[in-house]
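Inspection log for the structure reproduced underneath, given as structure tokens.
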Amino acid sequence: MDTFQIPVGPLHVALEEPMYFRLDVDGERVAAVEITAGHVHRGIEHLTERRNFWQNIVLTERVCSLCSNSHPQTYCMTVEAIAGIEVPVRAQYLRVIADEVKRVASHMFNVAILAHIVGFESLFMHVMEAREIMQDVKETIFGNRMDIAANTIGGVKYELDDARVAWLVDQLDRLEPVIVGEIAPLYRTDRSILSRTRGVGVIGRQDCIEYGLVGPVARGSGLDNDIRRLAPYAVYADLDFDVVTETDGDVWSRAMVRLGEIRQSIGILRQCLAKLPKGPSSLPGWPAIPAGEAVAKTEAPRGEVVYYLKTDGSTMPQRLKWRVPSYMNWDALGVMMKDARISDIPLIVNSIDPCISCTER
Amino acid sequence: MSFLKVLVKNIVAGPSTVAYPFGEPETPAAYRGRVAFDAGACTGCRMCEYVCPAGAIRFDERDDGLHFAVWHNSCANCGHCAHYCPTKAIRLTNDWHMAHLQSEKYALADHAVVPRARCTRCGADIGYGTDAIVRHAYRGVARQTEHLARLCPDCRRAASIKGASL
């Protein structure tokens, strides 16, 4: 059989963002994949060394759009570690609420796109419509549908009064039955979803460890590496939730992990809203940030985010470095796409919930 | 569960989009829109300029006062300025109607002048926003305090010794 090469990208593979794949194909099957990144590199790490600590909260929020809350939160955690700031307990609860709202919206977006690629447009529209509940929550509580600007050094910039807590609970009451009663069962049982996603883009648990995979991609192969459980930050240690894992490691398993995590996140949100303690939501005054270095990590919707910050006593970072979850997950596409059909490539790419924005920071 | 049930439910429920531009969409009170500035409440601390990630806020000190400018096209609507403003002189409104022609892009800015405060007795320059600082520092302000706050340090000393006759 003839082998030949086909270029995919750099535009339009599942998401309309630039990433270039060179595929060696053998008939209908993929023999090898080469991925070329760097089309939209923005140099944000360097830019952070030209801005003060407060400006960088907003800049790091622009690293990624769907994980946009995890970046400033992790960055603030490194600054707080260096400055020895104790974040008020209420602020820590508010941080978890912001984080989980973003996680629900992010996961719903990914599973919706799966339906879109399969060609099940009415399901895509249905999931996106349900996701609007969470988009409206972001707009109403935080003031924006994507960049929620919740975090600042020493706490959060938003407040929840009793009326807003009650409204938020109402929204969760609207969303939960749609997820549990309609969307999750459809993805679990619908024939057109199952026939396109089961056994497609498989990666084993051992490969996940070797490639250093994180987030729902690793958990879909049974590798439990949720930072919220392994290295709890904020108040995750006081909250009751399950780490969702699947065993098959295919496109479907990764989608099911995300759907399961949406449900867990709704549970976390309910607990936080019920337990939300009184007190300040941010530090009064202006902290001094001495010379030092710190590392912090959180579980973003796509997996572990690690921030390293080195300061020299000035008002700007000497070095700010981060590792994003998508970076390792891209490499695993080589394993997932091996022997895959060409028509399944968009589905496999989408299943790692790729974020070009944070890969190309 | 069959998707047909979902479809039937959605047909009964009707469209879930809003009728914009023929109907006004709902804008939540917390929405972070166009920045608004109140020169009367500004103390000239320039904290908003310091925390603004985009450099959208500029201050310029001139003879007639402190010139404030915000460039709406640079603004990221992050709310840092409002969060860190001690007197809440700067805030984010619910106005999101920011569409404009290319030719208007450099005009999309707001300017204001924070006037210099002058000593009410000798006319010396005593900085910016003294009234705003006093209102921020004290829950209630007595007329005597207000009077003393509007004096330069020398005149205040003199007034204090005399018993600050109003």
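In what follows, every chain begins at residue 1, and chains take the letters A, B, ... in the order their sequences are listed.
- For the atom pair SG of A:C272 and CZ of A:R95, the computed distance is 13.5 Å after rounding to the nearest 0.5 Å.
- Contacts of B:L7 with chain A are made by side-chain atoms alone, with heavy-atom separations under 4.5 Å and no backbone atom involved.
- Looking only at distances, a side-chain donor or acceptor of A:R42 sits under 3.5 Å from a matching main-chain atom of A:S357.
- In this structure, chain A has heavy atoms under 4.5 Å from both the backbone and the side chain of B:H80.
- Contacts between B:P28 and chain A at a heavy-atom distance below 4.5 Å involve the side chain alone, from C-beta outward.
- Partners of B:R157 under the side chain to side chain contact (heavy atoms under 4.5 Å, CB included) rule, at least two apart in sequence or in another chain, are B:P153, B:D154.
- In this structure, no portion of A:F53 lies under 4.5 Å from any heavy atom of chain B.
- For A:R164, the part lying near chain B is the side chain, with the backbone staying farther off; criterion is any non-hydrogen pair under 4.5 Å.
- For A:R62, the part sitting under 4.5 Å from any heavy atom of chain B is the side chain, from C-beta outward, and nothing else.
- Side-chain polar atoms of A:T140 and A:W167 form no donor-acceptor pair below 3.5 angstrom.
- Judged by distance alone, with hydrogens and angles left aside, the side-chain atoms of A:W252 form a donor-acceptor pair with the main-chain N or O of A:Y187 at under 3.5 Å.
- Residue contact with chain B, scored on non-hydrogen atoms closer than 4.5 Å, involves the backbone of A:D147 exclusively.
- Using a 4.5 Å cut-off on side-chain heavy atoms (C-beta onward), A:I262 and A:M108 make contact.
- A:D173 pairs by the side chain to side chain contact (heavy atoms under 4.5 Å, CB included) definition with A:V169, A:D170, A:R270, not counting sequence neighbours.
- If you measure heavy-atom distances from A:E129 to chain B, the contacts under 4.5 Å come from the side chain alone.
- In this structure, chain B has a heavy atom under 4.5 Å from the backbone of A:I153, while its side chain stays farther away.
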